[in-house]
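Following: one structure in structure tokens, then a few remarks.
Position 1 is the first residue of the sequence, and the numbers go up from there. Bear in mind the structure is a predicted one, so any value in this text is a computation, not a measurement.
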Amino acid sequence: MGEPGGYRCVECNREAPELYRDYQRGVLRIAICKSCQKPVDKYIEYDPVIILINAILCKTQAYRHILFNTQLNIHGKLCIFCLLCEAYLRWLQLQDSSQNTDPDDLIRYAKEWDFYRMFGIASLEQTAFLVGIFTALWLARPESLKTKSDFIFLLKALLLSSYGKLLLIPAVIWEHDYTPLCLKLIKVFVLTSNSQAIRVTLNLSQKLTLLAILSGLMLENGIVYLFQRMGWNV
């Protein structure tokens with residue numbers, strides 16, 4: 001992503017003019033942070049698999065590397081794919097609850113519409129969750145989101161940190177008695193990743209970050225309750 005404010009030291013979060021120096025002929029030297037006297041970004045030399053494992057473990061340094069010192073632009077595609085996964089899971093559960101096996105074309109069209117409806121509902125819930133987070137942060141710490149680029153950067157970070165939703169598909173494919181527990185654990189993991197993304201991006205306290213996540217969940221659950229009152233199966 002690499003926005004805003006340029007590169008950051010993964011250890012102390014101070015801005016850095018460069019990550020390394022290229023002395024040509026394949027000779028690279030990692031820059032040293034002037035503040036903490038440690039390598040600005042040790043993950044430059046790490047294998048992507050190791051970086052992913054560190055991100056899964058929610059290590060702050062790994063998140064700073066990914067959010068500030070890389071040029072990842074997959075947040076949009078990742079968001080759509082995660083929503084498709086969530087919509088498919090809900091659609092599958094809806095079909096399991098329906099005993100109608102009529103092959104009539106009208107039934108097939110209805111099932112297809114159910115998938116689109118689930119995608120729309122999942123999108124609205126995700127939007128409500130993000131709006132809740134942004135509203136809480138704007139009210140509690142308005143200086144942290146004072147420019148449009150700050151909003152966009154945090155949005156990208158939140159979308160990128162929701163990659164845990166991709167685990168929804170394996171949880172459905174390898175369905176067993178513990179699937180409901182797996183889905184809850186995936187939800188907790190995604191929220192933990194979102195929390196870490198907020199902390200790293202805005203350099204906030206854990207208390208304020210938790211408040212933002214809870215605000216997002218409250219608004220998301222409010223949307224779910226509204227749909228249920230309308231008689232929609234979500």
Side-chain angles (χ1 to χ4, degrees), residues 1 72-139 145 148 151-175 179-195 197-198 201 211-234:
M1 291 169 63
L72 288 178
N73 291 310
I74 62 171
H75 45 274
K77 295 179 181 178
L78 181 63
C79 176
I80 296 298
F81 192 69
C82 287
L83 288 174
L84 287 172
C85 292
E86 194 166 350
Y88 173 74
L89 173 61
R90 298 185 183 196
W91 178 81
L92 200 62
Q93 291 175 332
L94 185 63
Q95 302 310 308
D96 290 342
S97 64
S98 174
Q99 301 300 320
N100 194 334
T101 58
D102 191 340
D104 186 81
D105 288 343
L106 184 61
I107 300 299
R108 288 199 294 268
Y109 290 145
K111 290 183 177 181
E112 183 178 349
W113 165 249
D114 282 337
F115 177 78
Y116 296 140
R117 180 166 61 89
M118 291 303 166
F119 180 81
I121 291 174
S123 301
L124 288 174
E125 290 179 12
Q126 175 75 13
T127 301
F129 176 69
L130 295 173
V131 169
I133 289 178
F134 279 104
T135 301
L137 292 174
W138 186 76
L139 292 175
L145 295 171
K148 181 180 178 180
F151 276 94
I152 294 176
F153 186 64
L154 178 58
L155 176 61
K156 291 180 179 180
L158 287 170
L159 294 178
L160 198 61
S161 63
S162 297
Y163 66 92
K165 291 183 178 181
L166 297 177
L167 296 173
L168 290 171
I169 293 299
V172 174
I173 294 176
W174 295 308
E175 185 177 1
T179 297
L181 176 60
C182 291
L183 298 180
K184 291 180 181 179
L185 291 176
I186 290 172
K187 180 70 172 180
V188 171
F189 174 71
V190 171
L191 292 176
T192 303
S193 299
N194 291 154
S195 175
I198 295 173
T201 304
L211 175 64
I213 293 293
L214 290 176
S215 298
L217 282 175
M218 288 178 60
L219 191 55
E220 179 184 351
N221 290 330
I223 292 295
V224 173
Y225 177 75
L226 178 62
F227 287 144
Q228 290 174 341
R229 288 297 297 259
M230 294 170 60
W232 289 13
N233 188 350
V234 297

(request) Sequence neighbours left out, what passes ring-ring contact (aromatic ring centres under 6.0 Å, His included) with F119? Give chain and number order. (result) none

(request) Go through the structure and list residues passing side chain to side chain contact (heavy atoms under 4.5 Å, CB included) with S162, not counting sequence neighbours. (result) Q126, V190, N194

(request) Drop me the distance from L185's CG to L183's CG, to the nearest 0.5 angstrom. (result) 9.0 Å

(request) Please identify each residue that fulfils side chain to side chain contact (heavy atoms under 4.5 Å, CB included) with L155, with sequence neighbours left out. (result) L130, F134, L159

(message) If you define the side chain from C-beta out and look only at heavy atoms, does anything of I74 sit under 4.5 Å from F81?
(response) no

Side-chain donor-acceptor distances from residues 211-225 under 3.5 Å, at least two apart:
unit_1: S215; atom_1: OG; unit_2: L211; atom_2: O; d: 2.9
unit_1: E220; atom_1: OE2; unit_2: K187; atom_2: NZ; d: 3.4
unit_1: N221; atom_1: ND2; unit_2: L217; atom_2: O; d: 3.1
unit_1: Y225; atom_1: OH; unit_2: R229; atom_2: NH1; d: 2.8

(request) Provide the closest heavy-atom pair for S123 versus L83 in the form atom of the first, atom of the second, distance. (result) OG-CD1, 3.5 Å

(message) How long is the straight-line distance from CH2 of W113 back to CE of M118, given to the nearest 0.5 Å?
(response) 11.0 Å

(request) Please list, chain by chain and in numerical order, all residues satisfying ring-ring contact (aromatic ring centres under 6.0 Å, His included) with Y88, sequence neighbours excluded. (result) none

(request) Nearest 0.5 Å please: distance from the SG atom of C85 over to the CD1 atom of I80. (result) 11.5 Å

(message) For F129 versus L191, what's the shortest heavy-atom pair and its separation?
(response) CZ-CD2, 3.7 Å

(message) Using the side chain to side chain contact (heavy atoms under 4.5 Å, CB included) criterion, which residues pair with T127? Sequence neighbours excluded.
(response) V131

(request) Determine whether L92 and F115 make a side-chain contact, defined as any pair of heavy atoms from C-beta on separated by less than 4.5 Å. (result) no

(request) List in chain and number order the residues that pass side chain to side chain donor-acceptor pair (under 3.5 Å) with T201, two or more places apart in sequence or in another chain; answer none if no residue qualifies. (result) none

(request) Taking all heavy atoms of Y163 and all of C82, pick out the closest pair and write down the distance. (result) CA-SG, 4.5 Å

(request) First locate atom CD1 of I198, then atom CD1 of I133, and finally report the distance between them rounded to the nearest 0.5 Å. (result) 4.5 Å

(request) Compare every heavy atom of L78 with every heavy atom of L160, then report the nearest pair and how far apart it is. (result) O-CD2, 3.7 Å

(message) To the closest 0.5 Å, what do you measure between CG (L145) and CG (L137)?
(response) 5.5 Å

(request) Only pairs at least two apart or in different chains count here, so list each salt bridge (Lys or Arg N to Asp or Glu O under 4.0 Å) that has a residue in residues 72-86. (result) E86-R90, E86-K165

(request) State which residues pass ring-ring contact (aromatic ring centres under 6.0 Å, His included) with Y116; sequence neighbours excluded, sorted by chain then number. (result) none

(request) Take atom CZ of F189 as the centre, draw a 6.0 Å sphere, and report whether it contains more than 12 heavy atoms from other residues, nucleotides or ligands. (result) yes

(request) Using the test side chain to side chain donor-acceptor pair (under 3.5 Å), find all partners of S195 that sit at least two apart in sequence or belong to another chain. (result) none

